[in-house]
Amino acid sequence: METNESTGQKGFQTVGETKVENPRMTCRDVNVYYGDKHAIKHVGIDIGRNQVIAMIGPSGCGKSTFIRCLNRMNDTIPRCRVTGEILLDDTNIYDRDIDVVPLRAQVGMVFQKPNPFPKSIYDNVAYGPRIHGLAQNKAELDEYVETSLKRAGLWEEVKDRLDHSGTSLSGGQQQRLCIARTIAVSPEVILMDEPCSALDPIATAKIEGLIDELRTHYTIVIVTHSMQQAARVSQRTAYFHMGDLVEVGITDKVFTNPRHKLTEDYITGRFG
Amino acid sequence: MNNSEYKQKALDKSSSGRTIEMVNKSLSRRYKAERRFRRYGQVAIIISLGFLCLLFISIISKGYPAFYQTFIQIDVFLDPDVLPKDKLSTANYPGLIKKSLSSEFPEVELRREKKQLYGMVSIGAYYQIRKMVMKNRDMIGTTQTVWVPVDDDIDMLAKGHIDRNTPELERRVKDIQLAWFDRWDKAGKIKKRFNTTFFTSGDSREPEMSGIWGAMAGSLYVLVVTLLLSFPIGVAAAVYLEEFASKSRWVDLIEVNINNLAAVPSIVFGLLGLAIFINFFGLPRSAPLVGGLVLTLMTLPIIIIASRAALQSVPPSIRQAALGVGASKMQTVFHHVFPLALPGILTGTIIGISRALGETAPLLMIGMVAFIVDVPGSFTDPSTVLPVQIYLWADSPERAFVERTSAAILVLLALLIATNFLAVLLRNRFERRW
Amino acid sequence: MIRIIVVLAAAFTTFTFWTCTQSESRNYVSIVGSSTVYPFAAVVAEQFGRTTRFRTPILESTGSGGGIKLFCSGVGLEHPDIANASRRIKKSEVDRCRENGVNEIIEVKIGYDGIVLASSRKNPPMSISRKDIFLALAKEIPDLSGAEKLIANPHKTWKDVNSSLPDTKIEVLGPPPTSGTRDAFVELAMEGGAKTFSWIKDLKKKDKSRYKAICHTIREDGAFIEAGENDNLIIQKLEANPDAVGIFGFSFLEQNTDKIQGSSVDGFEPNFGSIAKGDYPVSRPLFMYVKKSHVGVIPGIKNYIEEFTSDKAWGEDGYLADKGMIPMPKEEREKYYNDARYLVPIEIK
Ligand SMILES: Nc1ncnc2c1ncn2[C@@H]1O[C@H](COP(=O)(O)OP(=O)(O)O)[C@@H](O)[C@H]1O
Ligand SMILES: [Mg+2]
């Protein structure tokens, strides 16, 4: 446990169980740099199947940066560089010959601020299946839209106004629309970056319930700044601190019995 | 310790009381300042509106009479001797009209007076009779009653621009012509009609025969070329620079250059056009094609800058959303970013095109500031454009061109308003909120 | 939408370049040159276009110098056929023409133009001499004591210049230096006035550039106001200010005799007769230069010249006179008519 945070040199030992049986994704020695800034330092972690894993940590510690590595959204940021390897079902998504387009269909993403397209609700959900050519005809597309909206728990609320603009919905509905849009392309993994931070408690509760249901079909990585939320929805929790992955473990254990001093400080509210 | 805590509390209390007091005291001053500022704003708007009104009133009141032209009714005997069937196109049509005028005023015998009499009718009348006869040969041998346009001086007289009280020597319309005019007028043979010539013909040295259609057609051809080239090229350049090009020193350099180009005086583009398109590529002088190319060079930077600004203003969350479901860069740009930026791009394009519509300086170099009578029929026919026509008329000595200048300005303004209106329509059509 | 626009633009570009390669010949006469000659040439061109089977010539107002430069830039369709000028072509310009292969140029004098000093009709007409003009408008004038040196122009009113002139402020509205009218005015009126001082006249041989500077530099202290190229504007200003004097071409006086009157210069009033006879001193000849090698290649050049040189156009009662051009005397007309007819090129040594 020789911490050397300031230099970020290899040597920080993550405590807890970074490995799981039969993982969906495996990260090994992942580093992210924004120009000279070393934002993620030698992170290794497994993401288990049909599980929710929560990423917590003080703001600026690199949670978003890390989660963006998982579907290569960092590629779109100029001067951002990623090293190490991230396997999705045994293929390294950072391999040279990997195409990000199918990757992002497999690893979908929901963002902090609801960002529906300024198009109809229907078109929002149908967009993914359309560009990937998933549906053969209109009926199939309708099917996609309906199941996705149902899974996202939005169907009952919008089924009579699918032609209304996605932006006309309330914040919570918009976020569920974004989730529907993501699951419409049947991803294996869904990344959620603080999906509830812009929502009120009732909408948050709805989304949390939804995440729990989605777990049966998908693997979910969720970033949250609320420890209660992490405790409620996740099976495993990872604690980040200034680019280092400090501790990983079963959620209950991490919250009741943190093994690392930094984790303890954070969850007892002495820090962050 | 206790004591100081107490003191601290007292201070808090009194200071919060004082704050309210001070806020209240400054309140009226602040409101006053706000009211004053509003009034300044209103005054500024009233002043600018006033100038705008003044401009419009002066142009409309000056230009409006040009939409009417004075006509005179004459009886022309279509003499078969003067109109041999095989030489209709070159027959002596002026002779027919002169004869008709002479027979109306048989007392006019002096050569000088005859000239003055014949001069009351526009030479446009000759072409009118010629056209009529060529169209309907059966008329030959009959006497036809026709309304023909009067000369520009007589037109000015009819419109009240000539003061009858000035001494004859100093008047463009002589006493004897005044008498003839009054006689015709009394007989109901003088009439003002809508000036269709003005909207259907090209330039002329005779004000009563001149029209803006030639210049307008030229402007339209030029605009089509400019729009078809500058819009796709400009938008493609902007999309590439904004969305695809990786930020490098080259891109910065290009950006600086584009911004500089937008500030280059337009005549420079004319010189460039002369050197490249005419001298190097050998395209014809005075052609709308070349004019359009030159104006394309001029509008490109404007469109690129406006388009880039529009693309930049699309929120990044939209891009992320599209990329997040697996859209490619290209799909992201063309399915989401571009449609959202389109209103801004269109606004920029319209600004660029409107500027191009009002440009004369670069066209001077490529020979479009010219006297051109024939209405252009293709992109390579010699032609001029509306602002050039205005400039040429404003510089003409004949009094009747003064009102035509204003009328042409009105037409140009109408065209500009129409393009802007179109822009607003398009913008509303594409506008979406996010 | 994008695709449609791109396809349209591509199709259009190929189409236009195709048409350009197709349109190898030019079937209209291209004329450039002096803005003074422009209104006259335009009437002829229009008349010609309307009454013959040829297309109406295209006429560009480029100024005499600019026109001749274009004219001399070479032989071929892209170069103009005719250049109008409000002065005779210069030796240097002919040389330039030769360099570019334009060897044979036909010179046709077409008439005269007068430059008038006019003022509002509200005041009685002025009668001034060229000397008065020089003393009123030059930047520097000879010392009042008669010594052979220059002083900054002290004159404020016309009476200061010449006691027989009215006691009004000197306020002259004239064209800017880019204008041909200004060139002619400076050369004919100012230089003419300056030459009345013998020592300045002698300078011409000794120190030409100094001579030019004295004769051609107009004062910049507000007495002379550059009123822009638009002569109509000058007329409006004269109406508003009866004490001001304007400088412009005779045709503008002709068209506005109800508002303004011309001042007589050296005792001669500006009118058709005095200018044609050469009595009115501030007048200049107008020319047309034709590229001989284009005659017969571009349809209509010969016919256009014929129209121009016909009596119904440039004659005493012709339509050009109506437009304000001052016709040449009959003999002169005949000479140039023949030169034009037989395409006699000029010899300038
Ligand atoms: N686009 C970027 N460019 C440069 N630095 C960035 C960028 N995004 C994030 N960072 C930096 O990386 C670190 C981690 O940021 P982030 O992953 O957003 O933190 P979190 O999501 O945990 O709050 C921060 O110090 C932040 O300043
Ligand atoms: Mg974050």
Side-chain angles (χ1 to χ4, degrees), chain B residues 89-90 111 115 119 123 126-127 162-163 166-167 169-172 202-206 209 224-225 228-229 231-233 235-236 278-279 281-287 289 292 334 338-339 342 364 367-374 378-380 382 391-392 394-399 401-402 405, chain C residues 1-2 5-6 8-10 12-13 15-17 19-20 23 26 28 30-32 35 38-43 45-47 49-53 55-62 70 73 77-80 121 229-233 249 251-252 254-259 261 317 319 322-324:
Chain B
S89 67
T90 53
R111 192 168 167 277
K115 207 176 159 196
I123 59 167
Y126 313 152
Y127 306 121
I162 287 185
D163 184 2
T166 43
L169 260 179
E170 302 153 13
R171 230 188 293 119
R172 301 258 327 146
D203 197 5
S204 168
R205 281 305 305 159
E206 304 299 326
M209 284 164 68
V224 165
V225 177
L228 279 184
L229 290 177
F231 185 69
I233 298 177
V235 170
I278 296 183
N279 292 346
F281 284 115
L283 296 180
R285 260 182 96 77
S286 309
L289 175 65
F334 286 108
F338 181 74
L342 197 57
L364 191 73
M368 290 192 81
V369 179
F371 174 71
I372 291 163
V373 176
D374 301 336
S378 83
F379 289 98
T380 49
Y391 164 77
L392 289 176
D395 216 20
S396 301
E398 288 83 1
R399 186 82 52 85
F401 273 125
V402 173
T405 308
Chain C
M1 159 120 175
I2 290 292
I5 293 174
V6 171
L8 261 179
F12 171 78
T13 322
F15 165 76
T16 42
F17 278 94
T19 46
C20 288
S23 64
R26 170 154 64 78
Y28 53 86
S30 165
I31 307 169
V32 294
S35 52
Y38 168 84
F40 311 132
V43 198
E46 186 178 351
Q47 174 75 17
R50 285 193 202 270
T51 54
T52 64
R53 65 196 161 79
R55 287 186 62 180
T56 315
I58 302 303
L59 183 58
E60 278 179 60
S61 170
T62 59
L70 279 171
S73 56
L77 295 174
E78 65 272 34
H79 304 293
R121 283 208 166 266
E229 291 268 17
N230 191 330
D231 295 348
N232 276 327
L233 215 62
S251 52
F252 276 85
E254 243 293 287
Q255 292 281 339
N256 293 284
T257 40
D258 54 341
K259 291 180 181 165
Q261 58 193 352
D317 288 326
Y319 55 77
D322 287 346
K323 285 283 168 188

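Below, all heavy atoms of this structure are taken into account, side chains as well, without hydrogens, waters or symmetry copies. Just so you know, these numbers come straight off a predicted model, no measurement behind them. To find a chain, count down the sequence lines: A is the first, B the second, and so on, and within it residues start at 1.
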Review point. What are the two closest non-hydrogen atoms of B:Asp203 and C:Arg50, and how far apart are they?
Key: O-NH2, 4.4 Å
Exercise for review: Against chain B, label C:Pro80 side chain, backbone, both or neither, depending on which of its atoms sit under 4.5 Å from a heavy atom there.
Suggested key: neither
**Study point:** Residue part contacting chain C, namely of B:Ser286, when any heavy atom lies under 4.5 Å
**Key:** side chain
Point to revise | Structural part of C:Leu70 lying under 4.5 Å from a heavy atom of chain B | key: side chain
Study note, to complete from the structure: Cut-off 4.5 Å, heavy atoms of chain B, and the answer for C:Tyr28 is side chain
**Study point:** Close side-chain approach of B:Arg172 and C:Glu254, heavy atoms under 4.5 Å
**Key:** yes
Revision key, fill the gap. Under 4.5 Å to a heavy atom of chain B? For C:Arg121 that would be side chain
Practice item. For the residue pair B:Ile123 and C:Glu46, establish whether any side-chain heavy-atom pair is separated by less than 4.5 Å. Key: no
Practice item. Can you measure from CG (C:Leu59) to CZ (B:Arg205) and round to the nearest 0.5 angstrom? Key: 9.5 Å
Point to revise | Minimum side-chain heavy-atom gap C:Tyr38-B:Leu392 below 4.5 Å | key: yes
Exercise for review: Measure across B:Tyr127 and C:Thr51 and return the closest heavy-atom pair with its distance rounded to 0.1 Å.
Suggested key: OH-CG2, 4.1 Å
Study note, to complete from the structure: Tightest non-hydrogen contact, residues C:Glu60 and B:Ala370, listed as CG-CB, 3.5 Å
Revision key, fill the gap. In terms of heavy-atom pairs under 4.5 Å with chain B, the winner among C:Gly49, C:Pro39, C:Ser30 is C:Pro39
Review point. Hey, what do you get for CG (C:Leu77) to CZ (B:Arg285), rounding to the nearest 0.5 Å?
Key: 13.5 Å
Practice item. Side chain from CB out, backbone as N, CA, C, O: work out which of these in B:Ile162 comes under 4.5 Å of a heavy atom of chain C, or both, or neither. Key: neither
**Study point:** Rounded distance (nearest 0.5 Å) linking atom OG1 of B:Thr380 with atom CZ of C:Arg26
**Key:** 13.0 Å
Check your understanding: Tell me, side chain or backbone of B:Ile233 under 4.5 Å from chain C's heavy atoms, or both, or neither?
Key -> neither
Point to revise | Part of B:Ser396 within contact of chain C (heavy atom distance under 4.5 Å) | key: backbone
